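Here the structure is a predicted model, which is why all the values come from computation and not from measurement.
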Amino acid sequence: MRASELSATILKLVEQKVPTFLWGAPGIGKSSIVKQIAKDTGVGFIDLRLALMDPTDLKGIPFYDKESHTALWAPPAFLPKTGEGILFLDELNSAPPSVQASAYQLILDRQVGEYTLPDGWAIVAAGNREGDRGVTYRMPAPLANRFVHFEMEVNLDDWRHWAYKKKLDERIISYLSYKSEHLFTFDAKSEHKSFATPRSWEYVDSILKSGLSENLILDAISGAIGKEVAVGFLSFAKVVNKLPNIDAILESGEGEYSDEVDVLYALSVGLISRVLSDATKIDNLLKYTLNLKGEFAVMIIQDLQRNGIKMEHSEVFKEWVKKFMYLLE
């Protein structure tokens with residue numbers, strides 16, 4: 001499922017307190033989706049990396065109770081005591097079987113040892129697939145049966161929507177719009193340590209904003225996404241110098257046009273980013289796109305609409321719809 005579909009689905013299951021398991025390749029944003037759901041709904045979020053835990057980390061440490069002459073378990077302080085939220089069990093299938101057994105009790109009975117999970121908390125788990133070169137343990141069938149399972153796929157449109165919100169470097173969004181296969185290059189059979197994922201492209205954004213000297217930038221970006229993809233990205237980044245004046249276009253609705261596909265992708269992302277920061281320029285943008293290649297005009301408007309820009313009130317938009325209706329059907 002796409003990230004946008006998963007967000008809507010998991011939100012409803014969290015409301016019903018149905019345990020959910022999210023499968024997917026490394027670096028595609030599984031934990032980010034769950035964390036964003038908690039943020040959007042205003043509830044608590046606790047992220048437990050089970051692969052780093054021992055069984056007693058969940059169950060607690062036993063101690064002797066003098067009054068009852070029995071051994072009791074001291075619950076861990078990191079588990080929630082009150083309120084509402086999402087308890088996120090990350091890397092569940094990377095945890096040793098003994099830790100999975102403790103998690104099984106928490107998921108099945110909503111309690112472990114002396115601890116009981118508050119009614120307002122839902123459980124969501126995530127893990128990498130068994131063939132993804134990570135350390136994984138086959139999940140016991142009784143544990144697997146306690147979850148509703150989903151597999152997350154990488155989708156460029158969903159990633160672009162996220163990237164605009166995060167204000168990633170425009171050159172990254174432009175390049176991946178142009179070369180979508182480089183958004184995710186993970187190959188379980190490859191021995192390369194660096195490969196492109198949505199997470200590693202976020203690292204590239206940080207590298208570009210770090211002020212690193214130009215003679216070191218290739219090695220740094222290669223360390224995040226691999227040498228081949230890094231060379232392609234940096235070559236594409238030079239296209240920015242060929243772009244028409246974006247500010248002038250948005251001031252007048254007029255400007256130069258290009259027939260070069262890579263330039264058009266970079267120009268489209270530049271226009272979208274500017275209008276997202278200043279929606280008053282929408283009429284001039286619409287006016288300019290009337291003479292832009294149809295597929296790019298549609299991409300610009302659809303991305304703006306996904307990011308909440310309203311344009312139905314615009315007279316120019318009515319003209320735009322008439323011209324490009326055939327591409328929207």
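- Between the side chain of W23 and the backbone N or O of N128, no donor-acceptor pair lies under 3.5 Å.
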Next on the checklist: Applying side chain to side chain contact (heavy atoms under 4.5 Å, CB included) to M53 and R49, what does each step give before you reach the verdict?
Outcome noted: CA-CA 7 Å; M53 290 187 171; R49 305 283 165 150; over 6 Å; no
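- Here the side chain of S180 pairs no donor or acceptor atom with the backbone of S177 at under 3.5 angstrom.
- Taking hydrophobic clusters as Ile, Leu, Val, Met, Phe, Trp and Tyr residues chained together by side-chain heavy-atom distances below 4.5 Å, L48 shares a cluster with L108.
- Other residues, nucleotides and ligands contribute over 12 non-hydrogen atoms within 6.0 Å of the NZ atom of K323.
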Next on the checklist: Could you walk me through whether L218 and K227 satisfy the side chain to side chain contact (heavy atoms under 4.5 Å, CB included) test, starting with their C-alpha distance in whole Å, then the side-chain angles of each, then the deciding distance to 0.1 Å, before giving a yes or no?
Outcome noted: CA-CA 8 Å; L218 174 59; K227 184 69 172 285; 3.9 Å; yes
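- In K81, the NZ atom is crowded: over 12 heavy atoms of neighbouring residues, nucleotides or ligands sit closer than 6.0 Å.
- Atom CD1 of I246 and atom OG of S268 lie 9.0 Å apart (nearest 0.5 Å).
- For E181, the CD atom sits in a packed shell: over 12 heavy atoms of surrounding residues, nucleotides or ligands are nearer than 6.0 Å.
- A distance-only check finds a donor-acceptor pair linking the side chain of D158 to the backbone of S4 [under 3.5 Å].
- A distance-only check finds a donor-acceptor pair linking the side chain of E5 to the backbone of R2 [under 3.5 Å].
- Of all non-hydrogen atoms in D119 and R110, the two that sit nearest each other are O-NH2, 3.7 Å.
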Next on the checklist: Determine whether E202 and R199 satisfy the following criterion, salt bridge (charged side-chain N to carboxylate O under 4.0 Å, His left out), listing intermediate values before the conclusion.
Outcome noted: CA-CA 5 Å; E202 193 171 3; R199 178 168 59 203; over 6 Å; no
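- Panel note: side chain W121, backbone T82; a donor-acceptor pair is recorded below 3.5 Å.
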Checklist entry - Stepwise, does the salt bridge (charged side-chain N to carboxylate O under 4.0 Å, His left out) test hold for K209 with D169? => result CA-CA 8 Å; K209 293 172 179 173; D169 191 292; over 6 Å; no
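- Transitive grouping of hydrophobic side chains (ILVMFWY, heavy atoms separated by less than 4.5 Å) keeps Y175 and Y203 in distinct clusters.
- Enclosure of atom CG in D259 is not indicated, since only 12 or fewer non-hydrogen atoms of other residues, nucleotides or ligands lie within 6.0 angstrom.
- Aromatic ring orientation, Y178 versus F236: parallel (interplanar angle below 30°, classes split at 30° and 60°).
- Side-chain atoms of E170 do not come within 3.5 Å of backbone N or O of V269 as any donor-acceptor pair.
- Looking at Y104 and R146, their side chains come closer than 4.5 Å, going by heavy atoms from C-beta outward.
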Checklist entry - Could you go step by step and tell me if K281 and D283 meet the salt bridge (charged side-chain N to carboxylate O under 4.0 Å, His left out) rule? => result CA-CA 6 Å; K281 305 294 185 183; D283 277 354; over 6 Å; no
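- By the 4.5 Å heavy-atom criterion applied to side chains, I300 and L285 are counted as neighbours.
- Enclosure of atom CD in E312 by more than 12 non-hydrogen atoms of other residues, nucleotides or ligands within 6.0 angstrom is indicated.
- Counting only heavy atoms from C-beta outward, the side chains of I107 and L89 approach each other to under 4.5 Å.
- The main-chain N or O of I28 is never found under 3.5 Å from a side-chain atom of K30 such that the two would form a donor-acceptor pair.
- Y115 contributes a side-chain N or O that, together with a main-chain N or O of P80, makes up a donor-acceptor pair within less than 3.5 Å.
- Linking Ile, Leu, Val, Met, Phe, Trp and Tyr whenever their side-chain heavy atoms come within less than 4.5 Å leaves L52 and V112 in two separate clusters.
- Aromatic ring centres of W201 and F233 lie closer together than 6.0 Å.
- Here the closest non-hydrogen pair linking L243 and A266 is CD2-CB, 3.8 Å.
- For the residue pair T197 and S200, the shortest heavy atom distance occurs at N-OG, 2.7 Å.
- Checking V261, L267, V263 one by one against Y265, the side-chain contact (heavy atoms from CB on, under 4.5 Å) holds for a single residue, V261.
- In E214, the CD atom is not crowded: 12 or fewer heavy atoms of neighbouring residues, nucleotides or ligands sit closer than 6.0 Å.
- Annotation: side chain of L79 is in contact with side chain of L87 (closest heavy-atom distance under 4.5 Å).
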Next on the checklist: Show, in sequence, the C-alpha distance, side-chain angles and deciding distance for I86 and I123, and conclude whether the side chain to side chain contact (heavy atoms under 4.5 Å, CB included) test is met.
Outcome noted: CA-CA 6 Å; I86 298 175; I123 294 176; over 6 Å; no
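- In this structure a side-chain-to-backbone donor-acceptor pair under 3.5 Å is missing from K287 to V316.
- Annotation for K167: atom NZ does not count as buried by contact number, only 12 or fewer foreign heavy atoms lying within 6.0 Å.
- Side chains of Q305 and M311 form a contact here, defined as non-hydrogen atoms less than 4.5 Å apart.
- Applying the side chain to side chain donor-acceptor pair (under 3.5 Å) test to W162 and every residue at least two apart in sequence or in another chain returns nothing.
- Distance alone, capped at 3.5 Å, places no donor-acceptor pair between the S314 side chain and the I282 backbone.
- Taking all atoms of both residues into account, the shortest heavy-atom contact from W159 to P198 is CD1-CB, 3.9 Å.
- Looking only at side-chain heavy atoms (C-beta outward), L250 and D278 stay at 4.5 Å or farther from each other.
- In terms of the side chain to side chain donor-acceptor pair (under 3.5 Å) criterion, Q111 has no residue partners (sequence neighbours excluded).
- The side-chain heavy atoms of P244 and I249, taken from C-beta on, include a pair separated by under 4.5 Å.
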